[in-house]
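What follows is a set of notes on a single structure, which appears directly below.
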Amino acid sequence: MKKTILSVAIAVVATALVASCGNKSAENAEAKDSANVEQQAAPQEEVEVKIEDQKELTCDDYTIKVPEGWKARSRMVNSSCTMGFKEPPFTTASPNYSSYTTVEKFKEMREKEGAKQIDNLEVNGNTFEVFYREMPNGQQLVSAVTPKGDGSMYVNFQTGAHKLDQAEAKDILMAHTKTILENLTIK
């Protein structure tokens with residue numbers, strides 16, 4: 001009888017162990033399945049694009065595509081950003097919108113700085129008044145402005161240090177001005 005009771009007790013314990021292990025395996029499988037569902041349902045995190053890899057910069061007032069040969073140097077902050085051309089004359093372009101600066105005020109500021117108004121540029125249905133100034137150190141500056149609402153949309157350009165002839169640098173700077181304005185969409 002003792003053997004029978006011992007055999008039954010061992011069988012009960014063995015059954016309990018098997019059932020317990022089998023149950024945990026089922027629970028683990030269910031947990032893994034629910035984790036997989038959660039991973040699949042979770043939205044993919046957005047990967048931040050490096051500044052220099054940005055192809056378009058946008059704000060409430062305008063969108064500008066980064067042309068071939070140019071690199072973004074900043075992200076859009078409010079309504080301002082910066083792009084650069086990494087070959088002589090190393091041009092920097094800085095578009096911006098100002099709700100409180102009229103075209104007339106903008107012209108006054110440029111003239112006070114010594115800039116001269118040159119030929120207007122007609123681009124994408126907008127007339128940009130263009131101003132040119134050469135600094136004593138040889139750096140050249142161009143500003144292009146057009147009205148937008150009560151304010152103005154403008155882009156400032158400047159050359160960096162280079163060894164080009166000033167006339168050649170100015171021609172490239174003016175070509176860069178046109179290229180950037182062609183890639184600008186005012187909203």
Which atom of [X] lies closest to which atom of [Y], heavy atoms considered:
{"X": "P67", "Y": "K65", "answer": "CD-O, 3.1 Å"}
{"X": "L184", "Y": "F128", "answer": "CD2-CZ, 4.0 Å"}
{"X": "L181", "Y": "N124", "answer": "O-ND2, 3.4 Å"}
{"X": "P95", "Y": "C81", "answer": "CD-O, 3.4 Å"}
{"X": "T82", "Y": "S74", "answer": "N-OG, 2.9 Å"}
{"X": "Y62", "Y": "S79", "answer": "OH-O, 2.9 Å"}

D53 atom CG, over 12 foreign heavy atoms within 6.0 Å: yes

Is there a donor-acceptor pair under 3.5 Å between the side chain of [X] and the backbone N or O of [Y]?
{"X": "E111", "Y": "E108", "answer": "no"}
{"X": "D61", "Y": "Y97", "answer": "no"}
{"X": "T63", "Y": "T58", "answer": "no"}
{"X": "E129", "Y": "A144", "answer": "no"}
{"X": "N126", "Y": "E122", "answer": "no"}
{"X": "T146", "Y": "T127", "answer": "yes"}

Would you say [Y] ends up clustered with [X] if hydrophobic residues are merged whenever their side chains have heavy atoms under 4.5 Å apart, either directly or through other cluster members?
{"X": "M153", "Y": "F131", "answer": "no"}
{"X": "V123", "Y": "V142", "answer": "yes"}
{"X": "V145", "Y": "V155", "answer": "no"}
{"X": "I186", "Y": "I64", "answer": "yes"}

If you measure from [atom1] on [X] to [atom2] on [Y], what distance do you get to the nearest 0.5 Å?
{"X": "H176", "Y": "T92", "atom1": "NE2", "atom2": "OG1", "value": "11.0 Å"}
{"X": "K55", "Y": "E68", "atom1": "NZ", "atom2": "CD", "value": "9.0 Å"}
{"X": "E52", "Y": "R73", "atom1": "CD", "atom2": "CZ", "value": "11.5 Å"}
{"X": "L57", "Y": "I51", "atom1": "CG", "atom2": "CD1", "value": "10.0 Å"}
{"X": "L173", "Y": "Q158", "atom1": "CG", "atom2": "CD", "value": "9.5 Å"}
{"X": "C59", "Y": "K187", "atom1": "SG", "atom2": "NZ", "value": "6.0 Å"}

(request) Tell me yes or no: between the side chains of S94 and N156, is some donor less than 3.5 Å from an acceptor? (result) no

**Prompt:** Does one side chain, of Q139 or T159, offer a donor that lies under 3.5 Å from an acceptor on the other?
**Reply:** no

Quick test of your reading of the model: are R75 and E48 salt-bridged, counting only N-O distances below 4.0 Å? yes

Given side chains that start at C-beta, do those of [X] and [Y] come closer than 4.5 Å, heavy atoms only?
{"X": "Y154", "Y": "N96", "value": "yes"}
{"X": "Q117", "Y": "V130", "value": "no"}
{"X": "T102", "Y": "D150", "value": "no"}
{"X": "M174", "Y": "I118", "value": "yes"}

Between W70 and the options F90, F157, F85, the ring-ring contact (aromatic ring centres under 6.0 Å, His included) test singles out F85

Is the NZ or CZ atom of R110 both under 6.0 Å from the centre of the six-membered ring of F106 and within 45° of that ring's axis?
yes

- Under the side-chain contact (heavy atoms from CB on, under 4.5 Å) criterion, do I180 and M83 qualify, and how do the steps go? CA-CA 9 Å; I180 292 297; M83 289 185 269; 4.0 Å; yes

With Y132 as partner, the option from K170, Q140, K116 fulfilling side chain to side chain donor-acceptor pair (under 3.5 Å) is Q140

